[in-house]
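Below is one structure; the comments refer to it alone.
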Amino acid sequence: MAKNKPQFSIESYGIYQKWNNKGKGLPQIQQVTSIVPAEIDIEFGLILHAKKAKGLQLNWCIEHPDICDTKGRQMQPFHDDVYVRNNDWKFYLGDTIWAPIEDKTGPWRMYIKYNDVIIAEQTLEVTLDDIEQRNESQFWKRRGF
């Protein structure tokens, strides 16, 4: 009998409630958006939903802007492996902004791979711009104004 193919989808992305990594629950989505204001402690990322994938190894990566460590050296992208725990599993991949915020602005590309193939990908733009003003201008731009 053929094994069912795993199914992967992004359940949500954007700004989330503060995540408790010691708790069992995932953070709740506050706003679906790809534009994130550069505010200290704001939580942003994506939630992957995996079905029929128990036991599979996934590789995740967060490519951030040119963030520097405490010694002023540019940090490498964050990455690690995670194993799917059951056949209807959700995984939060995200980060938060910490001081100083100036080097945190720019695109944050988050992706998850299975067998070296990207199965989920989202780029979130962390910006110092006024979010409401930017959303309104994008609204009118999409309508040809």
Find the distance between [atom1] ([X]) and [atom2] ([Y]) and round it off to the nearest 0.5 Å.
| X | Y | atom1 | atom2 | value |
| --- | --- | --- | --- | --- |
| L48 | S12 | CG | OG | 10.5 Å |
| D116 | N59 | CG | CG | 7.0 Å |
| T33 | E125 | OG1 | CD | 10.5 Å |
| T123 | M110 | OG1 | CE | 9.0 Å |
| I62 | I112 | CD1 | CD1 | 9.0 Å |
| Q74 | D66 | CD | CG | 4.0 Å |

Salt bridge (charged side-chain N to carboxylate O under 4.0 Å, His left out) partners of [X], counting only residues at least two apart:
| X | result |
| --- | --- |
| R85 | none |
| D69 | R73 |
| E39 | none |

*Can you list every pair that meets side chain to side chain donor-acceptor pair (under 3.5 Å) and has a residue in residues 98-107, with sequence neighbours left out?*
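Listed once each, the pairs would be none.
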*Decide yes or no for L56 and W89: does some side-chain heavy atom of the first lie under 4.5 Å from some side-chain heavy atom of the second?*
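No, every pair of side-chain atoms sits at 4.5 Å or beyond.
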*With side chains defined as the heavy atoms from C-beta onward, is the minimum distance between V84 and Y114 less than 4.5 Å?*
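Answer no - side chains too far apart.
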_ring-ring contact (aromatic ring centres under 6.0 Å, His included) against Y92, all qualifying residues, sequence neighbours excluded_ =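 In terms of ring-ring contact (aromatic ring centres under 6.0 Å, His included), with neighbours along the sequence ignored, Y92 is linked to Y16, W19.
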*Report the residues that fulfil ring-ring contact (aromatic ring centres under 6.0 Å, His included) with Y83, sequence neighbours left out, ordered by chain and then residue number.*
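Here no residue qualifies.
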Taking all atoms of both residues into account, what is the closest heavy-atom pair of [X] and [Y], and its distance?
| X | Y | answer |
| --- | --- | --- |
| Y13 | S34 | CE1-N, 4.2 Å |
| C61 | L93 | O-CD2, 4.1 Å |
| E43 | G94 | OE2-C, 4.5 Å |
| L128 | A38 | CD2-CB, 3.7 Å |
| I10 | A120 | CG1-CB, 3.7 Å |
| P65 | P107 | CD-O, 3.5 Å |

*For atom CD of Q28, decide whether the heavy atoms of other residues, nucleotides or ligands shown that lie under 6.0 angstrom number more than 12.*
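Check fails, neighbour count at 12 or below.
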Does [X] use its side chain to pair, donor to acceptor, with the backbone of [Y] at less than 3.5 Å?
| X | Y | result |
| --- | --- | --- |
| D88 | K51 | no |
| T96 | I42 | yes |
| H64 | Q76 | yes |

*Test side-chain contact (heavy atoms from CB on, under 4.5 Å) on F91 and I47 and set out the steps.*
CA-CA 5 Å; F91 173 68; I47 292 181; over 6 Å; no
*asked:* Could you see if L46 belongs to whatever hydrophobic cluster contains I118? Use Ile, Leu, Val, Met, Phe, Trp, Tyr and a side-chain cutoff under 4.5 Å.
replied: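 Different clusters.
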_Tell me whether Y111 shares a hydrophobic cluster with V36, the cluster being built from Ile, Leu, Val, Met, Phe, Trp, Tyr side chains joined at under 4.5 Å._
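Shared cluster, no.
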*Describe, in one word, how the ring planes of W108 and F78 are oriented to each other, choosing from parallel (under 30°), tilted (30 to 60°) and perpendicular (over 60°).*
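Correct class here is tilted.
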*Please walk me through it: do I35 and D129 pass side-chain contact (heavy atoms from CB on, under 4.5 Å)?*
CA-CA 10 Å; I35 301 170; D129 294 346; over 6 Å; no
